[in-house]
Structure formats: structure tokens, C-alpha cells
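Count residues from 1 along the sequence. For the numbers below, each heavy atom of this structure counts, side chains included, while hydrogens, waters and symmetry mates do not.
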Amino acid sequence: VFGDDREALIAQLAAEDLADSDLAAPALLRGMRFFAAGRAQDRRMFASILFPAFAGDPYERIYRESVEDVMRVAGGSVQPRTRHKLSFDHGVLYFSADGRGCTYGVVASDDFPMESAFKFLEEMIEV
């Protein structure tokens, strides 16, 4: 079941779930939606992921652009391990930095606990 067809199975299950419930639309789900990390110096992302529960989210591009904007505007001035929060139309962007000049951000739903978002970012910084 999880061999070469794993991605097809996940896509099929996600499609069935969406068909079963209007509440399953990605924009209405709660939780962490998108993670990205990049170097502030050259604004290059080295990691990004739309979390599986949000597959097909029409705002993925906007999530990515929000992290890119933070890297462009504030990336070089974000001090290591500081906590920052930016609310926007499609959720909340929590971001921080490490001591090597990299910025890490996670987009979450408005009701996602801030402490959980920053705990996740701290764990990603440690990787």
C-alpha cells in the first residue's frame, strides 16, 4: 500500500475527504499550514513544505511569498532566537532566526497556539 503508489493513495484519500465535507477545505482547517526557511543574506529558501493536511490549499503561493517578504524586508535584522508574529489575511506568520543568518517561518491558522508554533520553529532551528 505504501510502495510506489503512496503519493497517489494520499491524493485519493485527500480528495475523498474533501468531497465528504465542506469543512475539510484547506482554508478552513486549523493548525500549521506551511513552513519555510532560508538565508537572509541572499534570500534563498533551502526548505519549504505545505503540511499534508493542507494539500491543495489555494493560498500556498501566498504563504511562501509572506515568508519571502519577511526575509527580504527584515531577514537580516531578525536576531537569533527572537520571536516575531505577523498576522495577515490568510493566517499568522510566526518567524525567528538562528545564529547563522537563516530565517525560519511557519504560517498557521489564527487560532493555532503561538507557543506551539514557536516550539516547532525552535526545533527546526536545532536541525
Those residues at least two apart in sequence (or on a different chain) that pass salt bridge (charged side-chain N to carboxylate O under 4.0 Å, His left out) with Asp110 are none
Tightest non-hydrogen contact, residues Ala117 and Phe112, listed as N-CE2, 3.6 Å
Distance-only criterion, 3.5 Å: show the donor-acceptor pairs between side-chain atoms of residues 120-127 and protein atoms not counting sequence neighbours.
residue : atom : partner : partner atom : Å
Glu122  : OE2  : Arg83   : NH2          : 2.8
Glu126  : OE2  : Arg81   : NH1          : 3.4
Glu126  : OE2  : Arg81   : NH2          : 2.3

Distance-only check: which donor-acceptor pairs under 3.5 Å involve side-chain atoms of residues 84-97, not counting sequence neighbours?
residue : atom : partner : partner atom : Å
His84   : NE2  : Thr82   : OG1          : 2.8
Ser96   : OG   : Thr82   : O            : 2.6

One should read off an interatomic distance between Met71 CE and Cys102 SG, to the nearest 0.5 angstrom, of 8.5 Å
By ring-ring contact (aromatic ring centres under 6.0 Å, His included), Phe34 pairs with (sequence neighbours left out) none
dist Ser48:OG -> Glu60:CD (nearest 0.5 Å) comes out at 7.5 Å
- Answer whether the closest heavy-atom distance between the side chains of Met45 and Glu68 falls below 4.5 Å. yes
Can Asp57 and Tyr63 be said to form a side-chain contact (heavy atoms from CB on, under 4.5 Å), step by step? CA-CA 10 Å; Asp57 191 323; Tyr63 303 153; 2.8 Å; yes
Sequence neighbours excluded, the answer for side-chain contact (heavy atoms from CB on, under 4.5 Å) partners of Gln41 is none
TODO: Treat each ILVMFWY residue as a node, draw an edge where side-chain heavy atoms are under 4.5 Å apart, and state whether Phe46 and Ile49 are in one component.
DONE: yes
**Q.** Evaluation steps, salt bridge (Lys or Arg N to Asp or Glu O under 4.0 Å), between Lys119 and Glu115
**A.** CA-CA 6 Å; Lys119 181 177 180 183; Glu115 242 351 271; over 6 Å; no
Inset, instruction - Give a yes or no on whether the backbone of Gly31 and the side-chain of Ser109 come within a donor-acceptor separation of less than 3.5 Å. - result: yes
Sorted by chain and number, sequence neighbours left out, side-chain contact (heavy atoms from CB on, under 4.5 Å) with Arg100 holds for Asp98, Tyr104
